[in-house]
Structures are given as structure tokens and as C-alpha cells.
Protein chains: 2
Amino acid sequence: MEKIYNNQVEVVLDIIGGKWKSHIILHLGNGPVRTGELKRLVTGITQKMLIEKLKELEQDGLVSRTVYNQVPPRVEYSLTTFGASLKDVLKVVCDWGDDYVRQRYPNDEVIIKHDLHR
Amino acid sequence: MEKIYNNQVEVVLDIIGGKWKSHIILHLGNGPVRTGELKRLVTGITQKMLIEKLKELEQDGLVSRTVYNQVPPRVEYSLTTFGASLKDVLKVVCDWGDDYVRQRYPNDEVIIKHDLHR
DNA sequence: CCGTATCCTACAGGATACTG
DNA sequence: CAGTATCCTGTAGGATACGG
């Protein structure tokens, strides 16, 4: 069953679109992160959404999941090569978003909670 | 009333997210386009969605709308400076999406209807 | 600590018909 | 030709509770 997109941007939107995925990817930049730590980093996300989105990112080849057989359980997530390259692209997007907000909303009408990349 | 985002990527997703906006922006690249022509270019979009998304893009400062007082009515849309710069960013996104699809789905499991930028 | 299962709600997106 | 007004539906996302 083929997937059909109008253009390549839609492919990327399908991968990082929605409320949480970009935030997750940007927090996976510095090496492996445990599930609980990630939940703490991605402010406001529920466990259900975190696991769900991580699973989707894994299926799309952007995130790898490592399980350590120990008690208590330990699971770590990190970016794959694909994920890392996408993160570089997101950096470009971030920079544009930054300029956009600064120029268009110079008086804090728009608030960025986690000001990344600058 | 302030808007709050987790990161700058969300700002951009708010602007170009959804099913149609990226497609519209990419088609507004080559100068002004009339409404009807745009509807023809953006395959499958309904009139309601087209107008709705154009209005949102205009409010976000990415698209400008020019009305010519004549009969029959003539309305043209084009990218603003902001819109044009965003289009350059989308080009980077497109390129990544292209590589991604080529490497991960080399056998046409994924189809791009409008193969842009290459 | 990590993941799953239910249930629920809001809203993006679509079909269609109408106006100037 | 360009735009508006209704009505409808699928699904992303959230609250909550449970299990290994």
C-alpha cells in the first residue's frame, strides 16, 4: 500500500508534525536519554503521548530504542543518523522561526518556552 | 493574549502545518497567481480550504492579496518577503524529504506527486 | 520504571449550496 | 470569478487507570 504526498514538505510534516515530535527530537540531540528523563524534559507531555510518538519516530527510522535488562527497567532513546540529519534541518527551521517572531512580534506577544539553538 | 510555543519549530508548524499550506506556498513562488489558477495548481483542494488557508497565510504576513476592481473580479496572491524567505527554508526541508524518501523507500512505496526543487 | 488500554473531546478538513 | 455559510466526520491529542 503506497503512500502519496503532494510534495516533499508533506513527507517531513508527516514525520515531525503534530504537537510533540519536534520537541522530542530537539531534546534527543545530546546522546541517549532515558524515558523518564525525556518525559521531564518535554514539559507537559503525558506518558501515553510520549511513548506513542517515540514509537512512531522509531518506525520512521529517526529514533532508536535500547532496552537494558535490569531492575528497575532502563530504556534509552537516541537519534539515528537520519534523526540527526533531520535535527540539522530543524535548526534551519528554528532560526527562521526565531527571526520571524523577533520581527513580527517584537514585544513578547509570542513566547518561546524553550529557546533553542541561540 | 499571548501565544505560547514550546520551541521555534512549533511556530513554523503553526504557519505551514496542515494539509495544504506548504503546497500553496510552494506554488506561489513564481510571482502573483490568480485564485482560480491557484485552485488548479493545488490539486484536490476545495474552494473553501483554499480561501481559508490563504486568509490565514495573509494574516501571518506570508502572503499578500491584491484586488483589481474589474468585472469579472480579479484577485491575485503572491508571497511577501517573509513568505519568500520561508520558501527558501522549505527548500531545505524539501531536499531532506527527498533524500529521506530515496534512501528509505527506494522502490516507489512513497510517491511524490509534485516533485519540486530538483 | 516503563508501557498499555479506555474513553472522551476539540478541531482540521471536506461536501455542498449560495451570493455579489 | 471570487468568496461565504452550513453542516458533517475522522482523528489527533488528552485524562485516567492499570500491568509487568
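Letters A, B, ... are given to chains in the order of the sequence lines, protein chains preceding strands, and every chain is numbered from 1. Small disclaimer: the values here were computed from a predicted structure and weren't measured.
In terms of phosphate contacts, B:T35 brings a side-chain nitrogen or oxygen within less than 4.0 Å of OP1 or OP2 of D:dG3. Side-chain nitrogen and oxygen atoms of B:R34 include none within less than 4.0 Å of the OP1 or OP2 phosphate oxygen of D:dG3. Using a 4.0 Å cut-off, no side-chain N or O of B:K39 falls inside it from OP1 or OP2 of D:dA2. Between A:W20 and D:dG14 there is a side-chain polar atom (N or O) within less than 4.0 angstrom of OP1 or OP2. Side-chain N/O atoms of A:K53 include one lying less than 4.0 angstrom from OP1 or OP2 on D:dG13. The phosphate of D:dG3 (OP1 or OP2) has a side-chain N or O of B:Y77 nearer than 4.0 angstrom.
Summary of the strand contacts: A:K48 and B:G36 both lie near DNA chain D, and taking for each the nucleotide with the nearest heavy atom, the more 5' one is attributed to B:G36.
When distances are taken from the side chain of B:R65 to each of D:dG3, D:dA15, D:dG13, the shortest belongs to D:dG3. Each of C:dC2, D:dC1, C:dG13 was ranked by its minimum atom distance to the side chain of B:P73; first place goes to D:dC1.
Taking atom CD of A:E56 as the reference point, atom P of C:dT4 lies 12 Å away to the nearest angstrom. The CG-P distance, from A:L54 to D:dG13, rounds to 14 Å in whole Å. Distance A:E52 CD to D:dT11 P: 14 Å, rounded to the nearest Å. When rounded to the nearest whole Å, the span between NZ of A:K19 and P of C:dA10 equals 14 Å. When rounded to the nearest whole Å, the span between CE of B:M49 and C1' of D:dG3 equals 15 Å. Taking atom CZ of residue A:R40 and atom P of nucleotide C:dC1, one finds them 13 Å apart after rounding to whole Å. Between A:L50 atom CG and D:dA15 atom P the separation is 14 Å, expressed in whole Å. For the pair B:I51 CD1 and C:dG14 P, the interatomic distance rounds to 15 Å; values are reported in whole Å.
Here A:Y68 lies out of heavy-atom contact (under 4.0 Å) with every strand. Within 4.0 Å of B:K21, counting heavy atoms only, lies no atom of the nucleic acid at all. Within the 4.0 angstrom heavy-atom criterion, base atoms lie near B:Q47.
Ionic pairing of A:K39 and A:E37 is not present here: no N-O contact between side-chain nitrogen and carboxylate oxygen is shorter than 4.0 angstrom.
For the pair B:S64/B:E58, no side-chain contact is recorded, criterion being any heavy-atom separation below 4.5 Å from C-beta on.
Using the six-membered ring where Trp is involved, A:Y100 and A:W96 have ring planes that are parallel, under 30° apart on the 30 and 60° scheme.
In terms of hydrophobic clustering, with Ile, Leu, Val, Met, Phe, Trp and Tyr side chains grouped at heavy-atom distances under 4.5 Å, B:Y5 and A:Y105 are assigned to a common cluster.
Looking at A:L26, A:D60, A:L86 one by one, the single match for side chain to side chain contact (heavy atoms under 4.5 Å, CB included) with A:I16 turns out to be A:L86.
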